[in-house]
Structures are given as C-alpha cells and as structure tokens.
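A quick write-up on the structure given underneath.
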Amino acid sequence: MSVRVRFAPSPTGSLHIGSVRTTLYNYFLARKDAAGRLILRLEDTDQERLVPGAIDSIYDGLHWFGIRWDEGPREGGPHAPYVQSERLPLYQARARELVAGAAAYFCFCTKERLAQMRAAQQARGEITRYDRHCRDIPPADAAARAKDEPHVIRLKVPEEGTVGIDDLVYGHIEWPLNAIEDQVLLKSDGFPTYQLAVVIDDHDMKIDPIIRGEEWLPSTPKHLLVYQAFGWTPPPHAHVPNVLGPDGKKLSKRHGATQVDEFIREGYLPEAMVNFLALIGWSPGTEEEIFTIDELVTRFQIEQVHTAGGKWDRDRLDWFNGQWIRRLSDDELLRRLDAFLPAEWDRGLVRQVVPLIKERMRTLAEAKDQIAFLFGDRLEQDRSLLVPKKREPGDTVTALSRATVALRFLDPFAPERIEQAIAAVAADVGWTVRDLTIAIRAAVTGRKVGPPLYESLALLGRARALERLEAAQELIG
RNA sequence: GGCCCGGUCGCCUAGCGGUCUAGGGCGCUUCCCUUUCAAGGAAGAGGUCAUGGGUUCGAAUCCCAUCCGGGCUACCA
C-alpha cells in the first residue's frame, strides 16, 4: 500500500507558516515513497470565511517552498473534484444514508434555542453540550418535517463506551463517549461541517496516513465516530505538535510575521525556511543541522516527531538563512537578490559586489543598504563618522587629502594597489591603517561598516572615489 | 468548568533503564584571524532533566500524584 497524504487548507487567508510545517511533513512522506502521492484539497465549507485570492496565495506559497503535489483543484486527479464546495451532493447523500441507517438524525433546533440552552447550562455550571432534544423524534415525523422545516443533521453518538486511536506520534489515546456531543454533520445551508467532509474525503481519496496539526486531536473521536457510523476503518493518524510563539501559545499574527509572503518579502530563502521549519518538532537524532529538502525527504521519519510543541526562534531562522545564502553560488545569489534591488542598479556592478557581501547578509533584504553607495552619484556623508575617535578634524583633513593624492594616479586602480597606497599614507601621517580606513570608508560610503574597503573603492571607480574624498575634506573643514 | 496533550540550558534539540561528571546547534561572553562589519576558528558561561513520591542493584529514561503550560469544548476549520 503506497502512501497517500494530503494537506487541506481553508482558503481563509494567506498561507500560515505553521501549516507549511505540517505540509512539509506530508510532503516528506509522499516523496519518500516512490509511489507516494500528495493531494491538495481545499476545505471551503465555511462560506462566510472565504477570502478571495486565498487559493492563489496558497499555490504561490507552496510552490515557493518547492513543494509539488500530484492531485489537486487545478491538477485534477482520480478523485476530483478536490474542492469541498464542489462535492456537496456527495456529502448530502452520505449524510442522508446515515439518517436512514439511524446513525444520525434531523435536528430542528434553532440557533436561538441552542444559545439559550448553552447559557442555561453555563449558569448551572454544567458542561455546555447539545441536549439531544431532537434525537428521539420518531424518524417518520422527522423526515416529514425535514421536507419544509430548516434543519441540520446530527450524529447519534452512542451513550457509553470509548473510542481510541494509536496515533503514530502520540501513541494510544482514548476518549470516553459520554464527553462527546451529537455533532452537527450537515448544516442547514446544505453544507457539510468539517467533521463530516473530512472523513468522507479522506476515505474517498484513500488518504493513508492522515497527518495534521495537534489542534485536531480533540476532534479525532468525532471523526472516529463518523467512520464507525459508515462502517469504515479509519486510516492511521499522525498528529504533529504545534509551532508556538515565544509565549508558548500557538503561533499567530500577534507574534509578528506568520504568513509566507511576509518571509518572502523579508528576504528569507525557501531552503532556509524548510530547513528551520522541519527541525521544529522533529530531529533526525544526529547532530547535523543543515539539510536540503531532498535530504529531509530521505531522513524524515514520522515516528521521530515530537509530542511537545516547539517555539518559533527568529534568531535561529536568521542563522539558517545566513548559512543558506553562503551556500548559493554568486550567480544564483544575484538572481535571488534581483527583486530586492532597484531595477536601475547596474546588474554587472551588483554581480561584482555580491561576493563581498555574501557573508555579511542574513536576509536578502539587507543587501540593498550595504551596497547602495556604489549606485548613483549623490552620497549623504556623516561628519561625525568622518573623524575617527581621538583624531583631530584638521589631521583628518590632512590624512584624507594625502589619500586623495595617493589614489589619484594609482595604476591600476585595483584593490592590492589601493591597499599599498593607503598603508603608505597611514605611515606617512603617523596614523594606524585602521583609523585611516575608518575616515576613508565614511567619506566614500557614508557609513561606518560595509564591504571590504579596498575592493569597494575599486568598484566605485577612481572618479567618484576622489570626488567623495574631496567632499569629505570640505565637510570637515 | 469538562475532555485531551505536553513539561531536558533563554530557544531548537540528542537521549528510549547503566557508556550521562546530560551531547549538539542558535543566542550570549572571551580570544584568534582582520582595512570596518561579518564570515570562519577556538574557548567559556548556561541544565538539581517541572516537583514529590514510588519501581529497580541502577531513572532524564518506567509508574503514580501534584504543579505549571497548551489545545479543544460552534450549524469555524
């Protein structure tokens, strides 16, 4: 039996980083098995929460990560359609089947009555749960009323007993039936609830195993009961722990960026995100840290997934990102950088600085500020940076003017020659090379830190370098 | 409140009854390298394995209780 796994997002917004983690685990398993299949299914049964464009952003986000799947809304497949709102007749027929078999029943309670009931239960300090008011209406009467009265279909949960699963991650878990209410399966608008749709779809699409977030654990008994009602055998389940915010709660917008497109915009690499994400809640059991997505496919074992939630650690993500940036070839890095730099910046020149800033970047977005001095003629100089600590303005002007002279006729205007020239000037004026480079860097780049100075000067070109050195002398004086 | 899950350095984690005086990575500190900043290299601080009881010759590892944290508790998913 080959692996058939799925990820089933609701198109209620853009892709959340936590669900990407779960999707990654599904992906690893699907690719590990040569005959494995990954299925994308859209769970849009809540029509009120639909967000237009969400489907596109799910597709874009997943593709960005390098995740490919085999069956889905746009890809088609043997179990189409893969969008729940297009499968309505299926759910309705199945729900009626359950009613006919006395495993479910029509319920005519209004939302108002349910609200009142809940309020009363709460006031009495009881568990809030459907009181099974409609459970014992004679089936014939109920069927007749259902013809023209608004209604839902509820599952007839057995009075006692237990249901349980052997979760691939959490092990054996059991729930007493008396804690489970008669779940709504089909809403009054004819749409299925998640609980019904997910079971029918996973069954029809032959999903095995089901891998999903830990937050679904409490609704597993409800699903199990639906499987039972249909007489189906539930597939193996694997729940994976949540990705948590710094406060230990489920990662959400109030913890900062959580959407894939935000990370793309901030200049994170998919390689780094995959690597980082995979290691929250799973470990290969070795001391290695850096993995490509393909390596993860071969290493990943669902049984090694943890039971405890893991916190999101931005510093660690940044470290992974730096690692992956440094693993890129210069040409590849140039390609990735493209979207983060103004279109008018000369790519030939950018290509030449790339090696100089490669190990100075943690995100792609940082590159722009680091190399901006190379582009355009105007440069904002900061007088306070121009004069090194413990040096006099006058001496600085002298040093800078000597450097200007030394660089003017240097041939070629290349890093090694520049280095020699600057060393000579430093010796000449009795300054440390360090202090002299501080002043020159400030003059030429306007900043305190940046890529290596001699290479930067060479790339800047003699004309602009001299111009800026002279401007700096004026500014000080 | 009820049900379920969890608890190893600040964070991600190794560990699955003895090799643990608890290992690695991030972050932090110091040093080396050095034209700045990084990167890289080296060293270091940091954990009474939530707590208390058992079981055992032996427990981070098994059992129980307690505490703390989280999730769920909808005609949301």
Side-chain angles (χ1 to χ4, degrees), chain A residues 8-10 12 43-46 48-49 107 109-111 114-115 118 121-122 125-130 150-154 167 170 173-176 178-181 183-195 197-198 213-222 239 241-242 244 246-250 276 279-290 306-320 322-323 326 356-362 370 415 418-419 422-423 426 432-438 440-442 445 447-456:
Chain A
S10 303
T12 54
E43 311 219 312
D44 60 345
T45 56
D46 186 358
E48 290 174 17
R49 296 205 310 162
C107 168
C109 295
T110 62
K111 287 187 182 175
L114 294 176
R118 239 172 252 128
Q121 286 171 338
Q122 219 147 41
E126 296 172 5
I127 304 168
T128 58
R129 179 164 66 157
Y130 181 56
H151 62 274
V152 301
I153 292 178
R154 285 183 185 272
D167 190 276
Y170 286 87
I173 307 173
E174 236 176 62
W175 296 267
N178 60 24
I180 299 165
E181 76 171 344
Q183 197 59 28
V184 172
L185 300 177
L186 202 71
K187 308 183 213 174
S188 54
D189 62 0
F191 275 73
T193 58
Y194 172 81
Q195 324 292 357
V198 77
E214 177 194 0
E215 71 272 20
W216 293 106
L217 213 38
S219 44
T220 302
K222 297 171 188 172
H239 288 89
N242 282 136
L244 277 19
D247 58 358
K249 299 192 202 305
K250 243 176 21 170
F276 167 68
L279 262 20
I280 302 179
W282 173 79
S283 158
T286 64
E287 289 179 353
E288 300 152 279
E289 298 282 340
I290 306 292
H306 306 161
T307 48
K311 285 179 186 157
W312 175 268
D313 178 2
R314 191 60 169 249
D315 282 336
R316 191 165 147 86
L317 203 215
D318 285 349
W319 178 76
F320 275 113
Q323 289 292 321
R326 270 163 251 132
L356 302 184
I357 55 170
K358 197 182 204 172
E359 57 204 26
R360 277 161 249 267
M361 273 189 274
R362 290 175 87 85
Q370 293 181 4
I418 293 172
E419 177 173 12
I422 287 178
T432 57
V433 168
R434 181 190 174 90
D435 276 352
L436 187 54
T437 57
I438 286 173
I440 297 177
R441 178 184 300 282
T445 72
R447 311 179 87 217
K448 206 156 73 177
V449 302
L453 184 61
Y454 311 140
E455 286 80 355
S456 296

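The sequence lines fix the lettering, A, B, ..., with proteins before strands; numbering per chain opens at 1.
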Considering only atom P, compute the distance from B:rC63 to B:rG2 and round it to an integer number of Å. 24 Å
Give the ring-plane orientation class for A:W216 versus A:Y194, where under 30° counts as parallel, over 60° as perpendicular and anything between as tilted. parallel
Spacing of the P atoms in B:rU34 and B:rC26 (rounded, Å): 24 Å
Return the pairing partner of B:rC49 with a 3.5 Å limit on both distances, Watson-Crick or G-U wobble; otherwise return none. none
Protein heavy-atom contacts under 4.0 Å, written 5' to 3' over nucleotides 2-14 of chain B as B (base), S (sugar-phosphate only) or - (none), form the string -SSSSS---BBSS
Nearest-Å distance for atom pair CG/P, residues A:D189 and B:rC75: 12 Å
Within the 4.0 Å heavy-atom criterion, would you say A:E181 contacts the bases, only the backbone, or no part of the nucleic acid? sugar-phosphate
Could you measure between the two P atoms, the one in B:rU8 and the one in B:rA14, and give it in whole Å? 11 Å
Counting distance alone, no hydrogens or angles: does the base of B:rC72 have a donor or acceptor under 3.5 Å from a partner atom on the side chain of A:S219? no
Using a 6.0 Å cut-off, check whether atom CD of A:E174 has over 12 heavy atoms from anything other than its own residue. yes
For nucleotides 31-39 of chain B, 5' to 3', base contacts (B), sugar-phosphate-only contacts (S) and non-contacts (-) with protein non-hydrogen atoms under 4.0 Å give ----BBBBS
Take the protein atom CG of A:N178 and the nucleotide atom P of B:rU73, then report the distance between them rounded to whole Å. 18 Å
Separation of B:rG40 C1' from A:I290 CD1 (nearest whole Å): 15 Å
Rounded to the nearest 0.5 Å, what separation is found between the OG1 atom of A:T45 and the CD atom of A:Q195? 9.5 Å
With C1' as the reference atom in both, quote the distance from B:rG24 to B:rG46 in angstrom, rounded to an integer. 15 Å
State the pairing partner of B:rG10; accept Watson-Crick or G-U wobble contacts with both distances under 3.5 Å, and report none otherwise. B:rC26
Which part of the nucleic acid, if any, lies within reach of A:R447 when heavy atoms closer than 4.0 Å are counted: base, sugar-phosphate only, or nothing? nothing
With P as the reference atom in both, quote the distance from B:rA42 to B:rC5 in angstrom, rounded to an integer. 44 Å
Send over the distance from A:K250 NZ to B:rG69 C1', rounded to a whole Å. 15 Å
C1'-based separation of B:rG44 from B:rA65 [nearest Å]: 40 Å
Do the side chain of A:S10 and the main chain of A:E43 share a donor and acceptor less than 3.5 angstrom apart? yes
So, OP1 or OP2 of B:rA77: does either fall under 4.0 Å of a side-chain N or O from A:K187? yes
In whole Å, what separates the C1' atom of B:rG7 from that of B:rU21? 25 Å
Rounded to the nearest 0.5 Å, what separation is found between the CD1 atom of A:I418 and the OG atom of A:S456? 9.5 Å
In whole angstroms, the gap separating P of B:rC76 from CG of A:D46 amounts to 6 Å
Do A:E289 and A:R316 meet the salt-bridge criterion of a basic N to acidic O distance under 4.0 Å? yes
Residue pair A:D46 / A:F191, side-chain heavy-atom distance below 4.5 Å: no
Rounded to whole Å, how long is the line connecting atom CG of A:D318 with atom C1' of B:rG27? 11 Å
A:A442 backbone acceptor or donor facing A:T445 side chain under 3.5 Å: no
Gap between atoms CG and P, on A:L186 and B:rA74 respectively (whole Å): 19 Å
Expected output: side-chain A:R447 to main-chain A:R441 donor-acceptor under 3.5 Å: no
Which whole number of Å gives the distance between the P atom of B:rC32 and that of B:rG23? 27 Å
Let me know the distance between CG of A:D247 and P of B:rG70, rounded to the nearest Å. 8 Å
Using purine N1 to pyrimidine N3 plus N6-O4 or O6-N4 for Watson-Crick, or N1-O2 and O6-N3 for G-U wobble, both under 3.5 Å, which nucleotide pairs with B:rC37? none
Would you classify A:V184 as touching base, sugar-phosphate or nothing, given that sugar-phosphate means primed atoms plus P, OP1 and OP2, and contacts are heavy atoms under 4.0 Å? sugar-phosphate
Need the pair for B:rC72. Rule: Watson-Crick or G-U wobble, both distances under 3.5 Å, any strand; none if unpaired. B:rG2
Keeping A:E181 on the side-chain end and A:Y130 on the backbone end, is there a donor-acceptor pair under 3.5 Å? yes
Straight-line distance of A:K222 NZ to A:Q183 CD, nearest 0.5 Å: 4.0 Å
Hey, does A:T45 reach any base, or is it just sugar-phosphate, or nothing, if we go heavy atoms under 4.0 Å? sugar-phosphate
